[in-house]
Engineer: 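Next up is a structure, given as structure tokens.
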Amino acid sequence: MRIILIPIGKVDPAEMQMLENPLKTEFSCDVTIGKKIPLPAGAQNAVRNQYDAEVMLEFLSLSRETAGRDRALGVTDVDLYLPGMNFVFGLAGRRNAVISFHRLRQSFYGLPEDAGVFQRRAIVEAVHELGHTFGLAHCEDPRCVMRFSNTIAETDLKGPGFCTTCRPRVRTGEATGR
Ligand SMILES: [Zn+2]
Ligand SMILES: [Zn+2]
């Protein structure tokens with residue numbers, strides 16, 4: 001089982017790299033960083049100054065970079081939304097997922113930048129969305145990475161790890177077919 005991380009649009013390579021080892025650990029998978037793909041113009045909503053997460057995910061799934069891969073995580077710095085929602089931190093499909101770094105930085109909330117806080121949030125969101133692609137649903141345990149989060153405070157409550165219920169349900173052994 002292999003996970004490929006794909007930057008969508010301009011993303012700091014160092015910020016991509018920091019996801020590599022934590023994801024290897026959480027999923028016991030091979031993790032590699034693929035070639036950057038451009039931001040899909042069709043996903044942009046100029047009025048909202050955001051990108052439609054569903055369109056981004058589809059674009060990623062159709063990309064040559066993800067062809068033949070077990071799992072792909074698209075990583076972007078632009079702000080994502082879904083119709084009917086103000087924003088989303090990320091979105092998962094059956095095999096692929098996308099996350100946005102946009103709202104994970106302290107500067108977004110008018111606070112001084114904190115690399116450690118940013119890194120922790122990025123890992124939590126990456127594990128959460130990939131967790132969905134490995135068959136996991138949302139979890140009620142407030143410390144579990146699979147807990148749904150709607151605010152950055154909720155993200156910060158969670159750890160990057162799975163609870164004891166979710167952990168054995170991570171299906172990385174073979175293709176899950178879902
Ligand atoms: Zn979720
Ligand atoms: Zn859990």
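Counting starts at 1 for both ligands and their atoms, following the listed order. Remember, predicted model here, so these are calculated numbers, not experimental data. All residue numbers in this chain count up from 1 along the given sequence.
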Engineer: Side chains of T155 and R121: do they bring a donor and an acceptor to under 3.5 Å?
Structural biologist: no
Engineer: Are the aromatic ring centres of Y81 and Y51 under 6.0 angstrom apart?
Structural biologist: no
Engineer: Fit a plane to each ring of H138 and F148, take the angle between them on a 0 to 90° scale, and name the class: parallel (under 30°), tilted (30 to 60°) or perpendicular (over 60°).
Structural biologist: tilted
Engineer: Short of 2.8 Å from the Zn ion (ligand 2), name each protein N/O/S atom, waters not counted.
Structural biologist: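 For the Zn ion (ligand 2), the protein N, O and S atoms that sit under 2.8 Å away are C139 SG, C144 SG, C163 SG, C166 SG.
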Engineer: With the side chain counted from C-beta on, respond yes when D77 and K10 share a heavy-atom pair under 4.5 Å apart, and no when they do not.
Structural biologist: no
Engineer: Which single N/O/S atom of H138 lies at minimum distance from the Zn ion (ligand 1)?
Structural biologist: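 When I compare the N, O and S atoms of H138, NE2 is nearest to the Zn ion (ligand 1).
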Engineer: Per the side-chain contact (heavy atoms from CB on, under 4.5 Å) rule, which among I99, T32, L19 passes with L5?
Structural biologist: L19
Engineer: Cation-pi check for F118 against R105: NZ or CZ below 6.0 Å from the six-membered ring centre and within 45 degrees of the axis, yes or no?
Structural biologist: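 Satisfied, under 6.0 Å and within 45°.
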